[in-house]
K.L.:
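Before we start, here is the structure in question, set down as structure tokens.
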Amino acid sequence: MDFKDSPEEAEYRARVRSWLKTNTPTSRINRTIGDEDSQSIAAAKAWQAKKADAGYACTTWPKEWGGAGGTPTESIIFEEEEERLGLGNMATVFTMGLGMCVPTIMAAGNEADKKRFVVPAMRGEEIWCQLFSEPSAGSDVAASRTRAVEADDGSGDWIINGQKVWTSCAHYSDLGLLLVRTDPGVPKHKGLTMFWIDMKSSGIDVRPIHQAAGSSDFNEVFFTDVRVKDSQRVGEIGRGWNVALVTLMNERLSVGGGFGPNWPELMELASRLPGVEGKGSVLQDGGFREKLANWYVAAEGLKLTRLRSQTALSRGQTPGSEASIGKVVSARQTQVLATEALDRLDQYGIVANDDATSIIGGFQQGFFWGAAMRIAGGTDEILKNIIAERVLGLPPEIRLDRDVAFKDISRKI
Amino acid sequence: MDFKDSPEEAEYRARVRSWLKTNTPTSRINRTIGDEDSQSIAAAKAWQAKKADAGYACTTWPKEWGGAGGTPTESIIFEEEEERLGLGNMATVFTMGLGMCVPTIMAAGNEADKKRFVVPAMRGEEIWCQLFSEPSAGSDVAASRTRAVEADDGSGDWIINGQKVWTSCAHYSDLGLLLVRTDPGVPKHKGLTMFWIDMKSSGIDVRPIHQAAGSSDFNEVFFTDVRVKDSQRVGEIGRGWNVALVTLMNERLSVGGGFGPNWPELMELASRLPGVEGKGSVLQDGGFREKLANWYVAAEGLKLTRLRSQTALSRGQTPGSEASIGKVVSARQTQVLATEALDRLDQYGIVANDDATSIIGGFQQGFFWGAAMRIAGGTDEILKNIIAERVLGLPPEIRLDRDVAFKDISRKI
Amino acid sequence: MNFDYSDDQKFLKKEARKFLEARCPITSTRSVLDNDSKAFDHKLWREVAEMGWTGAAIPEKWGGTGLGHVELCALAEELGRVIAPIPFASTVYVFAEAILAFGSDAQREALLPGIASGDVIGCLATSEREGVILPEEMSARVVTGKLSGVKIPVTDGDIATYAIVAAQDEAGPGLFVVDMIDEGVVRETIKTLDPTRSAARVEFKDVPCERLGAAGEGAALLSNIFDRAAVLFAFEQVGGADRCLEDATSYAMERYAFGRVIGSYQAIKHKLADIYVQNELARSSAYYGAWALSTDAVELPEAASAARIAGTHAYDFAAKENLHTHGGMGFTWEVDCHLHLRRARQLGLALGGLPHWRERLVRSLERYSTL
Amino acid sequence: MNFDYSDDQKFLKKEARKFLEARCPITSTRSVLDNDSKAFDHKLWREVAEMGWTGAAIPEKWGGTGLGHVELCALAEELGRVIAPIPFASTVYVFAEAILAFGSDAQREALLPGIASGDVIGCLATSEREGVILPEEMSARVVTGKLSGVKIPVTDGDIATYAIVAAQDEAGPGLFVVDMIDEGVVRETIKTLDPTRSAARVEFKDVPCERLGAAGEGAALLSNIFDRAAVLFAFEQVGGADRCLEDATSYAMERYAFGRVIGSYQAIKHKLADIYVQNELARSSAYYGAWALSTDAVELPEAASAARIAGTHAYDFAAKENLHTHGGMGFTWEVDCHLHLRRARQLGLALGGLPHWRERLVRSLERYSTL
């Protein structure tokens, strides 16, 4: 076990640092994902291209796809160094594409698609979004109802009608990975098909969702008679669920480590707030200290667990098991820390601080976004089921809908 | 809302106090239920008879059954006053009989049985035990396998073979309420029948269970060709589950409020232990104070919730809903408080203190018994299901065994 | 002993629910939420006053209905259920209670009838900065009957006609009644986490004021005022928490996932059972608080602290898990889950956060202990 | 960077598991549990020493195998899994580590070969009473090289051949090595919550002793000894917690209720998932601790505290919920659940309870913070 860089790793890190020093972008992103303005997106694209030229975009991808053919550890080192300079969010608009959609194309798409999409995505030229969730298919993605029927003009094209939801970045995405139902007459997992879609296609209407936290970072996407070619199909007809599983597995691997400020920021806040009944600071209060210790342990445990996953990856093993842990713990911790911060601010905690980059503003955002994180990308309950079933081998839930034709399943919105 | 005695209640309380003052038993019980010696049991029986003579045993029962025809509030007042004098455990050997078995006889038994059993039980002359649980029927009581078959001699008697488990007081009980399977060819809830049984019957073998906490307060009861008369049947053949539900409902109502020492004792212990890093006392440590406040709130909330149930009872309403809360909260709290007490004792916490009446000994017992309480009389999971289904109206679990003949249900021990 | 509402109180509560279902649908709350310039629902405020609710605990001789505190608790529970967008808490639970308990007869006569009629909106101004602030640390000062200083946040400070302000004078910490219509009062509406309730930064510049209660007794008075209000807040919290449980339960019975309603999954069933347990415990503690408040019992400090801690826990928890049960829909602006999340925080912070209340409670317990 | 055992270490661990499955079945632990006069499994102790485990972190020149600390961690994990009834922790994680780190060459030469061979059983004596005790509060005294005082509880104090005792002399708090065979050592075996491990009250009456490390440095030395031991304890805790999860999972797959295995109920599935999460977090913290221990990193204090807190949480939780998952059977003496419950507490208290460790951790964090 070695938690320090090996000589080669140290050398790589030094190279990264020196490159970052001379190439740091002047324009940054200061808003959350989905809420970026066009200037932020331009900055992100420019930075991604610069990284690609230097071999720091998609470090681990093979050179034939524009990657650097590097090790997972090198990738981590680059991310750590980016993070140190506050560049951690410069790549988030590409997360859907590079973390989920394009890997799916690489795994399940045809050669033409790979040639067409991989490099532009890697260079930040094209932004992708993921079109899976629907109003009545949240945790149960395979219950998607958006329909694709073959055009009756003999073209082999597909006509798509329906609605997707919770699509981050849809309003500025170039391309989307779209899960649709092509056959409602067979059981639900068997009637799905995957397509890629040009987001500028006629008939696509992207509407922002006004969220509980106040902002609008996600979208609803409506499809009205949207025509796609059969060549846009990713994988076989009726095999869409298997393709989606590739995406979802990549999603869980790329789900990050918590939202906004964490224990160090709370510790800093506590050091400047008066303690219980006015004595000393909150940081000197035993009640706070006890919780701080537990939060530190959980946060560090998560960080180290992610590093263990990376070690497994770098040894060619499939991590998977550890990857499910992250969000279960960090989403809830985001809620808990935010609540504690507000409690310790006492009456003042209710005063809205709109600067999400400040400590207090960050915790207030976290108060809402913790709730969102416990839902997005698999609810707490779904993730625990995954751990119980895939890691521990416990029985799956009793399914009443598995062998029934999709159209006959009892359901409501 | 009135949390003080009304004038009538105050007068009743004064009468109780003065009676207790002149009649306090000299001999007490200092051991947990099931672990009493013969002297303790004799003392308990004498005390129960004395209370019965004065109208303080089964205060709320009608006078025809030897009760005092009193109000639930009077019953609470008497219990509070008994508790104040440390007499709280003098009636625990009668809990099974007076709290569950005899009420079941009163509800489902024939007139002869009521005449035969109610008054002797009320006067403490006969002790009852409840014979429901089996090794393969814990949470799932209706899965009982102990068999009763009609004797082939035309007597109409039943021959019983099988095993019951977790039977408190069985080794000194006079009578038992016994749930058996009379027809394995029908679905499980439909093939059960209830009997009362003389615990001195030939073929009954009572063996103590050595428990995780070290002591042996419960028993296994083995039945080998035990013969009972058909007149000992309580309710109809095949209706045993309905009879058992009466008992189980009464069990949940009589489940008490936690085991052993609670927050006042922990507060006392904390006041004499040195604080974190040697400063002051543990009671001065903010980490302890915060938890103490939460424990107080939960413990008082439970106490008040029980009183609300009693108010509902005294108004002729069925409480039920609030009654399920008690054990879910208090059992877990017993574990948590005990763990905290041990943690605060630091290294010394591991030193066994065999005096269960001392604070430390009490918490050490609570460390184990909290685990038992989370299981006995309905596990946490069963109780939460009851709340979800009966109080909130959520759907029952999917049952695969409901319409299958008992003998065909897949199962293991 | 009797641990429930009386039949009359139950009737009052039922009528109140009917009234609020008709007059305070969620669109009322949303009209305040979505309109920055609307501080509260004026129409509802008027109607509530006409029903006699603002004067429920005010004796008839001062214009109230003299129903009593337990009745006020019952109303609070119903107001909490519907996330009522009116300055009821500031005016009735805090301001009126303070005047009732500590006002001179002249002050009672001057102010209570206006509360009962709905003409007076009251508030309490104590906070000056981030974190717990003790009366002796406050920088607001009263010199020769004139108040100066800044208070933030002051719930309903932007709409109040009167305020009770914690400030120090030569005798030490005190409470002072201020007519907010004075020109020395500079108020600035501020944004809070709960836009369905109004709040302000209020600056006092040499504003005439009148002492409430005895000189130098500000800390003790404030403590009692907080205790009284905490009980009434707890009923709003219990009402809100119960509503969250109902909403979550009915959504869980409607929403399908994997071919079954999500309420049939044990994780959801047990989560909702957990909410039920917390709510019932909070209800019991609130009842005890109501008794202590209505009888001026010596147990009020610990009863109030327990009611507040249990109520805050319950509403926070119910609001969070209600949103979670609603899944993605719960995180939209259009679905009401976030309104409870916001109000839960508003109620949980307006009288100060839990760390402060836990410490208050433990101090009460220490007083009784024989250690 | 590499956050896992190496292939060699994995091989060692696998061999250790095979060995312990054969030589330390649960009957070995139960033979100590059910026999008051049997303090530990002598045969297993001998075999473990012969395998070189007691000397795993001891350099070859002092009779050890010199494998290293990460290898010792791997062995600790396996010993934790099987609730091994031997004085391994006291002797190897505490006593040997202390001598290795702070002993003079003479002390190392005198003691380490005996540990490696299994002839020496060591222990650490610090506690004197209920609650946390600081070195400067201890009443044990050393005067002109003679130690006097009472220590309780001392894990393995009744069977140890040597002890390190915390006591004060004219220079302040210090640590002292004592030959336990001296007639001035009066030991009384005491009962503890974990009868599978031995403990004693030990009275020292003018017992000759030798200082360990520098004079007056007792507090700093002790702190480092606790840190080093905490990492190794954490591996035992992770091993035990993993075993609890395995036992609970396999029981949940066997036990039927209401016509289904209980492992098919979501409440049980999610409970077991929760245990898995805690165990994996604890494992990660333990790995980091192993790295800090094996490289003498400056991060050792916070790494050790985190490993201890996470390890204690995980094992306590896994042991409790394993018993709960087993239902009534879990509460019987015959089923092994209570053995884990007991050992989890033994490991969780032997180096002091969590309140103390949390405070240590926060102090470390304060040191680093720029506040």
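Quick note on labels: first sequence line is chain A, next is B, and so on, each numbered from 1. All values below were derived from every heavy atom in this structure, side-chain atoms included, with hydrogens, water molecules and symmetry-related copies excluded.
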K.L.:
Checking A:Gln364 against chain C: side chain, backbone, both or neither under 4.5 Å from a heavy atom?
P.N.:
side chain
K.L.:
Under 4.5 Å heavy-atom distance to chain A, tell me which part of C:Gln346 shows up: side chain, backbone, both or neither.
P.N.:
both
K.L.:
Checking heavy atoms, do the side chain of A:Asp354, its backbone, both or neither come under 4.5 Å from chain C?
P.N.:
side chain
K.L.:
Look at A:Glu340 together with A:Lys291 and state whether they make a salt bridge at an N to O cut-off of under 4.0 Å.
P.N.:
yes
K.L.:
If you count heavy-atom pairs within less than 4.5 Å of chain A, which of C:His324, C:Glu359, C:Lys191 leads?
P.N.:
C:His324
K.L.:
Would a line drawn from the ring center of A:Phe363 to the ring center of A:Trp369 be shorter than 6.0 Å?
P.N.:
no
K.L.:
Report the option among C:Cys337, C:Pro153, C:Ala267, C:Gly352 that has the most heavy-atom pairs separated by less than 4.5 Å from atoms of chain A.
P.N.:
C:Pro153
K.L.:
Between C:Thr192, C:Asp316, C:Asp194, who has the most heavy-atom pairs with chain A when the cutoff is under 4.5 Å?
P.N.:
C:Thr192
K.L.:
Out of A:Ala137, A:Gly349, A:Ala372, which one racks up the most heavy-atom pairs below 4.5 Å with chain C?
P.N.:
A:Ala372
K.L.:
Which atom pair, heavy atoms only, marks the closest approach of C:Leu222 to C:Ala166?
P.N.:
CD2-CB, 4.2 Å
K.L.:
Quick check on A:Phe288 against chain C: is it the side chain, the backbone, both or neither that has a heavy atom closer than 4.5 Å?
P.N.:
neither
K.L.:
Does A:Lys190 have any side chain to side chain donor-acceptor pair (under 3.5 Å) partners at least two apart in sequence or in another chain, and if so, which?
P.N.:
none
K.L.:
Could you tell me which of C:Glu334, C:Arg129, C:Glu128 has the largest number of non-hydrogen atom pairs under 4.5 Å with chain A?
P.N.:
C:Arg129
K.L.:
Among A:Thr379, A:Leu342, A:Leu273, who wins on heavy-atom pairs under 4.5 Å with chain C?
P.N.:
A:Leu342
K.L.:
Could you tell me which portion of A:Val276 (side chain, backbone, both or neither) has an atom closer than 4.5 angstrom to a non-hydrogen atom of chain C?
P.N.:
side chain
K.L.:
Picking from A:Ile350, A:Asp380, A:Leu345, A:Ile360, which has the most non-hydrogen pairs under 4.5 angstrom with chain C?
P.N.:
A:Ile350
K.L.:
Just by modelled atom types, is the C:Arg260 backbone N or O under 3.5 Å from a matching donor or acceptor in the C:Ser264 side chain?
P.N.:
no
K.L.:
Against chain C, label A:Ile209 side chain, backbone, both or neither, depending on which of its atoms sit under 4.5 Å from a heavy atom there.
P.N.:
side chain
K.L.:
Looking at side-chain heavy atoms only, is the closest gap between A:Arg272 and A:Leu283 below 4.5 Å?
P.N.:
no
K.L.:
Which pair of heavy atoms, one from C:Phe40 and one from C:Pro87, lies closest together, and at what distance?
P.N.:
CD1-CD, 3.5 Å
K.L.:
Test of understanding: with side chain to side chain donor-acceptor pair (under 3.5 Å), list the residues that count as partners of C:Ser250, not counting sequence neighbours.
P.N.:
none
K.L.:
Checking A:Leu266 against A:Leu292 for the side-chain contact (heavy atoms from CB on, under 4.5 Å) test, could you report, in this order, the C-alpha distance in whole Å, the side-chain angles of both residues, the deciding distance, and whether it holds?
P.N.:
CA-CA 8 Å; A:Leu266 192 49; A:Leu292 177 65; 5.5 Å; no
K.L.:
Determine the option with the most heavy-atom pairs under 4.5 angstrom with chain C, choosing from A:Val282, A:Val165, A:Thr339.
P.N.:
A:Thr339
K.L.:
For chain A, find which of C:Leu341, C:Thr126, C:Leu323 contributes the most heavy-atom pairs closer than 4.5 angstrom.
P.N.:
C:Leu341
K.L.:
Please state whether the side chain, the backbone, both or neither of C:Leu134 comes within less than 4.5 Å of a heavy atom of chain A.
P.N.:
side chain
K.L.:
Which residue is it: A:Asp408, A:Asp403, A:Asp140, A:Asp183? I am looking for the one with a salt bridge (charged side-chain N to carboxylate O under 4.0 Å, His left out) to A:Lys188.
P.N.:
A:Asp140
K.L.:
Does C:Arg342 form a side-chain contact (heavy atoms from CB on, under 4.5 Å) with A:Phe367? I'd like the steps, not just the answer.
P.N.:
CA-CA 10 Å; C:Arg342 293 170 186 279; A:Phe367 179 71; over 6 Å; no
K.L.:
Please classify the contact of A:Ala213 with chain C as side chain, backbone, both or neither, using a heavy-atom distance under 4.5 Å.
P.N.:
both
K.L.:
Does C:Tyr93 have C:Arg228 sitting over its ring (NZ/CZ under 6.0 Å from centre, angle to axis within 45°)?
P.N.:
no
K.L.:
Under a 4.5 Å heavy-atom cutoff, which of A:Lys384, A:Glu381, A:Glu397, A:Gln347 has the most pairs with chain C?
P.N.:
A:Gln347
K.L.:
What part of C:Ile190 is in contact with chain A, defined as an atom under 4.5 angstrom from a non-hydrogen atom: side chain, backbone, both or neither?
P.N.:
side chain
K.L.:
Only pairs of heavy atoms separated by less than 4.5 Å count here; which of C:His338, C:His356, C:Arg345 has the most with chain A?
P.N.:
C:Arg345
